[in-house]
Amino acid sequence: QVHLVESGGGFVQPGGSVRLSCAASGDILSIIGMGWYRNPRGNSRELVEKIRSDGRLQYADSAKGRFTISRDDAKNTLYLQMDMLEPDDTAVYLCNAECYYRDSNTDHTYWGQGTQVTVST
């Protein structure tokens, strides 16, 4: 199992910045990718940005030029630097970890509980 804990959310004014963190623990070696998703109010969960173990990135158009995903393997922590925030970025942000178990040839995705980011005046 992999346990994920997000932090860093809060209230920020439009144009501001915030950095989210996601600390992973447990079966770290099974992780093949990690990412950030968000649940905007009234909308379904959507991808923000994700990074695979080989460094490949995938991100939403809304994140281009504003959000940057990074990871610190020594700390088992994933980050999301969000700049030039807009009210439409208001959402619960969740971290996930995609895991592959070679012995059983199975995969599983774990989710954190999420952290609220509110962009408003």
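Because the structure is a prediction, the values reported are computed rather than measured.
In this structure the side chain of Leu47 reaches within 4.5 angstrom of the side chain of Gln58, judged on heavy atoms. Side-chain contact between Leu20 and Met82 is present, with at least one heavy-atom pair separated by less than 4.5 Å. Side chains of Thr90 and Gln116 form a contact here, defined as non-hydrogen atoms less than 4.5 Å apart. Val92 places none of its side-chain heavy atoms less than 4.5 Å from the side chain of Thr115. Looking at Glu98 and Lys50, their side chains come closer than 4.5 Å, going by heavy atoms from C-beta outward.
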* Tell me, with the steps shown, if Ile69 and Tyr79 meet side-chain contact (heavy atoms from CB on, under 4.5 Å). => CA-CA 6 Å; Ile69 194 171; Tyr79 302 99; over 6 Å; no

* Asked: Given Thr118 and Ser120, is the side chain to side chain donor-acceptor pair (under 3.5 Å) satisfied, shown in steps?
  -> CA-CA 6 Å; Thr118 301; Ser120 176; over 6 Å; no

* Would you check, one step at a time, whether the test side chain to side chain donor-acceptor pair (under 3.5 Å) holds for Tyr100 with Asn105? => CA-CA 7 Å; Tyr100 173 68; Asn105 193 30; 2.7 Å; yes

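Follow the hydrophobic side-chain contacts under 4.5 Å out from Leu94 and you never reach Val2; the two are in separate clusters. Ile28 and Tyr110 fall within the same hydrophobic cluster, defined by Ile, Leu, Val, Met, Phe, Trp and Tyr side-chain heavy atoms under 4.5 Å apart, directly or through other members. One hydrophobic cluster, built from ILVMFWY side chains closer than 4.5 Å, cannot hold both Ile32 and Leu4; they sit in different ones.
Residue pairs meeting the salt bridge (charged side-chain N to carboxylate O under 4.0 Å, His left out) criterion with at least one member in residues 3-24: none, sequence neighbours excluded. Annotation: ring pair (Phe, Tyr, Trp, His ring centres under 6.0 Å) contacts involving residues 30-56, sequence neighbours excluded, comprise Tyr37-Trp111. The disulfide bond (SG atoms under 2.5 Å apart) pairs that include a residue from residues 78-121 are Cys22-Cys95, where partners are two or more places apart or lie in different chains. Under the disulfide bond (SG atoms under 2.5 Å apart) criterion, no residue pair touches residues 31-79, with sequence neighbours excluded. Sequence neighbours left out, not one pair with a member in residues 50-71 passes ring pair (Phe, Tyr, Trp, His ring centres under 6.0 Å). Counting only residues at least two apart or on different chains, no disulfide bond (SG atoms under 2.5 Å apart) pair has a member in residues 45-79.
With rounding to the nearest 0.5 Å, the separation of OG1 in Thr68 from CD in Glu49 is 6.5 Å. Between atom CG of residue Asn96 and atom CZ of residue Arg45 there is a gap of 8.5 Å, rounded to the nearest 0.5 Å. Put simply, CG on Leu80 and CD1 on Ile51 are 11.5 Å apart, with the number rounded to the nearest 0.5 Å. In this structure, the separation between CG on Leu29 and OH on Tyr101 is 11.0 Å, given to the nearest 0.5 Å. Put simply, CZ on Arg71 and CD1 on Ile31 are 10.0 Å apart, with the number rounded to the nearest 0.5 Å. Atom CG of Asn39 sits about 10.5 Å away from atom OH of Tyr93, to the nearest 0.5 Å.
The salt bridge (charged side-chain N to carboxylate O under 4.0 Å, His left out) search around Glu46 returns Arg38, not counting sequence neighbours. In this structure His3 satisfies the ring-ring contact (aromatic ring centres under 6.0 Å, His included) test with no other residue, sequence neighbours excluded. With sequence neighbours left out, the salt bridge (charged side-chain N to carboxylate O under 4.0 Å, His left out) criterion links Arg66 to Asp89. With sequence neighbours excluded, no residue forms a salt bridge (charged side-chain N to carboxylate O under 4.0 Å, His left out) with Arg102. Residues passing the salt bridge (charged side-chain N to carboxylate O under 4.0 Å, His left out) test with Asp103, sequence neighbours excluded: none.
Side-chain contact of Ser17 with Asp83: a donor-acceptor pair under 3.5 Å is present, judged by distance alone.
Applying the 4.5 Å side-chain rule to ILVMFWY residues, one finds that Met84 remains a lone member of its cluster.
The two atoms that bring Arg56 and Asp54 nearest to each other are NE-OD2, 2.7 Å, heavy atoms only.
For the pair Arg52 (side chain) and Met34 (backbone), a donor-acceptor distance under 3.5 Å is absent. Asp27 places no side-chain N or O within 3.5 Å of a backbone atom of Gln1 that could act as its donor or acceptor partner.
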